[in-house]
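Below is one structure, written out as structure tokens; the observations come after it.
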Amino acid sequence: MDPILQIEKLKKKFGGVVAVDGVDFEVNSHQIKAIIGPNGAGKTTIFNLISRICPPTSGTIRFKQHKINELKPYVIAEKGISRTFQNVQVFENMSVLENVMVGRHCRTRSEIFAAIMNLKRTRAEEKRIHDYSLEMLSFVGLETKKNEAASNLTFQQQKLLEFARALATEPDLLLLDEPAAGLSVPEADEMAQFVYRIREIGITILLVEHNMGLVMEVSDEVIVLDSGQVIAEGTPREVQNNEAVIAVYLGERETENANHTKS
Amino acid sequence: MGRKNILSLLILAGVILALPLGLGNSYYLNVLVFVGIYSLITIGLSLLMGYTGQISLGHAAFFGLGAYTSGVLSTKFGVSPWLALLAGIFVTGGIAFLIAAPALKLKGHYLAMATLAFGYIVFIVFNQASSLTGGPSGFGQIPRFRLGNFLLRSDVHYYYLVWTLVIVVLLVSLNIIHSRVGRALRSIHEGELTANIMGVNTAKYKIQVFVLSAVYASLAGSLYAHFITFLNPTPFGFHFSIVLVAMVAVGGMASVWGAMIGAALLTILPEYLRAFQDYDILIYGSILLLIMMFLPQGLFAGILRLIKKER
Amino acid sequence: SIWRWVPVLRKPAVAYKVGAIFAVTGPAAWLGTPERNTAKMIEEEVNAAGGINGHPLEIIIEDTVGDATRTVTAAKKLITKDQVLAIVGPSRSGTTMAVIPIVEEAKVPLISCAAAEAIVVPVKSWVFKTPQKDSHAAVRIYETMKLQGISKIAIITGTTGFGDQGRKQLKKLAPELEIEIVADETYGPDDTDMTAQLTKIKASEAQAVVNWSIVPGQVIVAKNMRQLGMKIPLFQSHGFGNIKYAQTAGEAGEGIIFPCGRLLAVDTLADDHPQKEVLAKYKKEYEAKYEEDVSTFGGHAWDGLHLVIAALREVGPDREKIRDYIENTKNFVGTGGIFNFSPEDHSGLTKDAFEMLTVKNEKFVVLE
Amino acid sequence: MLTIRNLRSYYGRMQALKGVSLHVEEGEIVALIGANGAGKTTLLNSIVGLVPSLTGQILFLNADITHQSPREIIRMGVSLVPEGRQLFAPLTVMENLTLGAYQRYRRKEKSKIKSDLDTIFERFPVLKERRSQVAGTLSGGEQQMLAIGRALMSGPKFLLLDEPSMGLAPLIAAHIFQIISQLHQQGTTILLVEQNAAAAFKVSNRTYVIETGRVVLQGASEELLHNQEVKRAYLGREYKEVWE
Amino acid sequence: MSLGDQLLQYLFTGITIGAIYGMVALGFNIIYSATGIINLAQGEFVMLGGMMMVYLTAIIKLPMVVSFFLSILIVTAIGAAFERAAIHPLKSPSVITLIIITVAASILFKGGAMFAWGKHTVSLSPFSGEEPISVLGATILPQTLWILGIMAATVALLILFFGFTLTGKAMRACAANRTAASLVGINVKTMVLLSFALSAGIGATAGIIITPIALMNYDRGTMLAVKGFSVAVLGGLGSNVGAVVAGFIIGIMESLGAGFISSGYKDAIALVVLLLVLFLKPSGLLGSRERAEFKKF
Ligand SMILES: Nc1ncnc2c1ncn2[C@@H]1O[C@H](COP(=O)(O)OP(=O)(O)OP(=O)(O)O)[C@@H](O)[C@H]1O
Ligand SMILES: Nc1ncnc2c1ncn2[C@@H]1O[C@H](COP(=O)(O)OP(=O)(O)OP(=O)(O)O)[C@@H](O)[C@H]1O
Ligand SMILES: [Mg+2]
Ligand SMILES: [Mg+2]
């Protein structure tokens, strides 16, 4: 198993707040790995550090053995990391299809001069962008909405749109920040299927999620974060029974709840 | 570029060809030459502001840089006006490139201020570098363009020259808008950071579009210089930068067609208002206010909506 | 009369159209407005008196808005749309320079109301001007200084066409008149405080200051000098020729010396002075009609328009003949002086057109 | 307390609610469940006056509030935890909370506000810790807590919650449902939109199921919990399958 | 004059100019804080204040103090009326739309002032004499002290208002998120109205106190607005202390620039400094980068 993403001694301070405090972990190719932990544990911050929204205070991030923590966000996308956002961030005044086509940007080449000349090659490429994006839209089931403005979609549809957009960048590693937030249980189940299908295409997934059902179902490995530090790591089952994790994150009631349904 | 745009361009070209027949009078043509010159700038501004979401309150400076480079080179150094025009484009584009990188890191009002400050500095240089620019008094006798042996001297000649360039610039701009690059520009408008994370080199495109819009303005400036044959700093100040932004906003930011309509309206309107003497500024102000209040998306969007309703 | 209702039968004489381009609005509106007022007054007067050889006079007034582009368009409108016979204006040097190529090409006489010497030097065949020359103003200032024993001076000029031209003349003429410029400062038309420039001047060896501009900032210069306790005399240019400035400057304005046409000091003029009658009449009529003080700027328009009217009266509606007439006009008594044009001189005034005035009790009086 | 009759809401030409009628009695917790895009948020927003174009009738405490402005409705004791949190992002946590009590400050209920603030800090210690942090920089879950805290600061009689547990860790989500029960016990009437249908059924008295802009099912939560269709559509596979 | 004396004089000049700019910038900050709008008509409020004061004292011949408050009141009312007429009816205007509306308004104010009071430059007698005060060989006008004093008071009041009063916080909340503001029961439209009235009032105050030094005419507003805007941005939009500090920086840069380098380039020097600061600190001197990130404009 070769690690696609390696994180070493990663640390991020915001003024007095240490959001990420010396985190080490690896993600293997074709794995689905979940990060869980209480609110404010630093999960989103780790994603933000990987996609270089902000620079780490210290530590290194390696992707396919190369250090990436000094690259610009768009270069990181080109290298093959894409993501979705906890607070959806679609391009509201662009159509659904155009949103996805923006995702295709980093896999295509035509620059401004080609655009000005409107070369045959450019038009052909534009057509390929269009077709590929449409394919991604049907993958998430939004092809009927392709001409709507993204702002007219519901929250959930916008989340799916983010998926399609992220997939259009042909990532090797996909970071999903709470994909199931705001989903009902059956919808979350669908989401789980969806995540599997993405893995089947050959994409590695790093997932942040509070919906334990989903986490337990899809992830190969789970790491648990609390106050910016890793407090547990292992298979879903190991983590689920870890005392510390129950104390800070899952809570007694949740296990009770599960037992309750069982009986 | 869609069929609609091609059709619109053809119609525009037809109208441009036909207009001088109806308007033999050189005063009207003269106004239309200015409409064309200003359209060149506003088309660029609409790419920059309407599509990419980057404000500039300093575009009069690029207009001026084009005009002065062209004017000074051709008048004082005997360079041919065409070469001077090209030189203007390189000088202006170069300067735009130099300030774009740091300036475009700024957002919103901060960017507005930075461009305003830049424009003002350039204006001061026009005033102060009098050995080159003639200072506040300006300089005249700028040569006119030649096509081979043919000297472009009348307003009709300039009318055709300017509007041919407007069509070329429109074509170029529409091609950009409807390309991968155009989409990237709009994504920057919608959410710069998100666009960057999704793989768009936002800094590069912002700089490109900034430089492009500066080049359009420079082109307009050169045409202006060789048309009016006299330059002093006043037309290139802060006030004109604001007028340019107003043109783009009045016409409708998010469309190059709107930008042209705005340029036309705010150039022709004051000519109509001449008859009102002092009251013209009150009327002008009121019309501007009313348009922005009742058609905040601009005239172009307003007209489109009307047409759709009719159907 | 009853004929009024039968327009077909009445055959009015064709109006003589004259264009006027003034800075009616914009940053120099206070300059263009008296010019516009004067033009309207003259139009009424001439028409009330039966027009020019029976032809009514129509003065079409356009606004420059202080912008070269708008001025050019205005000139083209007057020339091609309104087909005027001559143009008076623009008010300012910059805008005048912008329209020169147009009138030269269209062959329309232009009589500028702006002061800059560059307008008529070198001579352009269709362009004249009525305000006194910058160089004459500079010479008069320097001569007055020499009488007062001043040889080292500081100049401070506004960064407008007028200020810039003045600065050039001051620097050019200084060596001839053995004046040394020891400080050369400028200020922008919208500056609110010039103490920095004046501090620098104060630290120099200057024995007097020349402030050359038309913008309101020239008043601030006077006030700032007072603030800094600068006792050396302040000279202003003919751009100071507006009593409002003296009033606005208040105490700080007392003792300012400047060259100016005689309009503002008409009351102190000897009765037998050749200009007295013209000046007194214009002043009286203007002040009665508009309830405000005359300024020299309105006078420039008066001169320009009356030159054109005189020409029309003599040669009729022909642009070329009007030009020729003006070029050969001699001993024309205007508000700015006695004009003697020639093919070599399209300004027509000598330095004697200027009187050195000074401010006393917020009034302009002739300097003794 | 709240009666809605035949409510239709529009976004431009799109009709999001197609004649919804429902009522909430004083002291009740009513849950509203439904698939994504069913119109739940639209319903809550319509009640507080955020949807500009609607027909039908909304009565609150027997007063017609159908076309009133949000401000007037809030003044009557209604409070909403909105979808997407809608915090004052550039303001601090403390300022957000203070502004939550804006109407009460206007009514000069200083001491009540103080004690409510203490209660909120007790319930969400993170907020106290981060009181001077800029709200926009909080983590997603912290923002959700702040949104709830801010809504509670107005001391509402009638609380509308739009997916309050969204983005919260299981422990905190459970905590939220506890708080909802507590508020209920203290006499607050609550209308709850929730995707976690199981939890919603558990805390609520009655439930409305809403689909594509219409109420399709309603009844006591206990009963609906055992309704096969509801189970399939909203509860999904049973937890045990997931956990085993 | 020795170099030291000169330097001190430049400093005084800078402080005078800076105080004028700072006062104008404060007006920008208020509307910005409550709405996120840059009101380019702010300079006209300043102009109106000055012109109104001159009109009331010189033409109507009211006593100084009465004219002072009456002018502020009238201009405040004009500001409020402008908001009601032109801003209030808009549904959800974009920032550019608003900027152009304020530009249009400034044209109208300027035109109105031109018709009402003519095109001439007017002056106002200083509040307490014209005799310059000399300090160590340099001089400063008593009016400058008035400006400094009134500015200090204004800044203090604004800081108290926006930082500590509920209404102040509510105003900032409106700029941050209008929906949320109405959800906590804030009357957003009233707050916007209030902000326009307040900034018009402060603009008028600025106009009144600077007229004795800077003179006033109907055309003055634009340039004052540009300077005020530069200063507000340099200080960090929304930061009132920033506005004052930045005002002094720009003022002193201008006067030192004029004194030691070139009076022609003095504005350029100040603007270059402004640009450098912005390039190094994109949210202005005292603007919070964190907060700025959550503002659209
Ligand atoms: N810009 C910032 N300034 C100050 N603190 C910050 C900033 N950004 C994040 N934080 C703090 O860092 C901590 C980690 O935040 P992060 O968003 O990573 O949490 P999270 O694990 O994703 O939580 P959640 O599950 O609630 O989304 C939080 O306590 C947050 O308040
Ligand atoms: N601002 C808007 N403009 C246009 N259509 C909208 C808007 N907001 C919502 N809609 C549409 O109204 C319908 C109902 O949306 P609503 O947000 O009320 O659903 P919901 O039940 O709250 O869904 P979710 O569970 O995703 O929050 C959806 O089809 C949505 O597309
Ligand atoms: Mg998070
Ligand atoms: Mg919802």
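Quick note on labels: first sequence line is chain A, next is B, and so on, each numbered from 1. Just the heavy atoms: all of them, side chains too, but no hydrogens, waters or symmetry mates, feed the values below.
- Residue Ala117(B) comes nearest to Leu274(E) through the heavy atom pair CB-CD2, 3.8 Å, listed as atom of the first residue, atom of the second, then distance.
- For the set Thr102(E), Leu108(E), Leu234(E), the count of heavy-atom pairs under 4.5 angstrom toward chain B peaks at Leu108(E).
- Most heavy-atom pairs under 4.5 Å with chain B, from the set Ile269(E), Thr222(E), Val226(E): that is Val226(E).
- With a threshold of 4.5 angstrom between heavy atoms, Lys266(E) does not approach chain B through any atom at all.
- Of all heavy-atom pairs between Met293(B) and Ile101(E), the closest is CG-CD1, 3.9 Å.
- We find the NZ-OG distance between Lys107(B) and Ser283(E) to be 10.0 Å, quoted to the nearest 0.5 Å.
- Smallest separation of non-hydrogen atoms from Ile124(B) and Gly264(E): CG2-O, 3.4 Å.
- The parts of Leu278(E) that come within reach of chain B are both its backbone and its side chain, each placing non-hydrogen atoms under 4.5 angstrom from that chain.
- Here the CG-CD1 distance, from Leu40(E) to Ile242(B), works out to 5.5 Å after rounding to the nearest 0.5 Å.
- Note that the OH atom of Tyr120(B) and the CE atom of Met223(E) stand 3.0 Å from one another [nearest 0.5 Å].
- For the atom pair Leu271(E) CG and Leu116(B) CG, the distance stands at 8.0 Å (nearest 0.5 Å).
- For chain B, no part of Phe109(E) is nearby; none of its heavy atoms comes within less than 4.5 Å.
- Atom CD1 of Ile121(B) is separated from atom OH of Tyr265(E) by 11.0 Å, given to the nearest 0.5 angstrom.
- Most heavy-atom pairs under 4.5 Å with chain B: of the set Val272(E), Ile107(E), Leu98(E), this distinction falls to Ile107(E).
- Heavy atoms closer than 4.5 Å to chain E are found in the side chain of Tyr284(B), but not in its backbone.
- Closest heavy-atom contact between Ala104(E) and Gly285(B): CB-O, 3.7 Å.
- In this structure, Phe279(E) places its CZ atom where more than 12 heavy-atom neighbours from other residues, nucleotides or ligands lie under 6.0 Å away.
- Both the backbone and the side chain of Leu289(B) have a heavy atom closer than 4.5 Å to some heavy atom of chain E.
- Within a 6.0 Å radius of OH in Tyr279(B), other residues, nucleotides and ligands contribute 12 heavy atoms or fewer.
- Atom-to-atom distance recorded for Lys105(B):NZ and Leu280(E):CG is 9.5 Å, nearest 0.5 angstrom.
- Relative orientation of the His109(B) and Phe229(E) rings is perpendicular, given thresholds of 30° and 60° on the angle between their planes.
- In Tyr55(E), the OH atom is not crowded: 12 or fewer heavy atoms of neighbouring residues, nucleotides or ligands sit closer than 6.0 Å.
- Val248(B) does not touch chain E: none of its heavy atoms, backbone or side chain, sits under 4.5 Å away.
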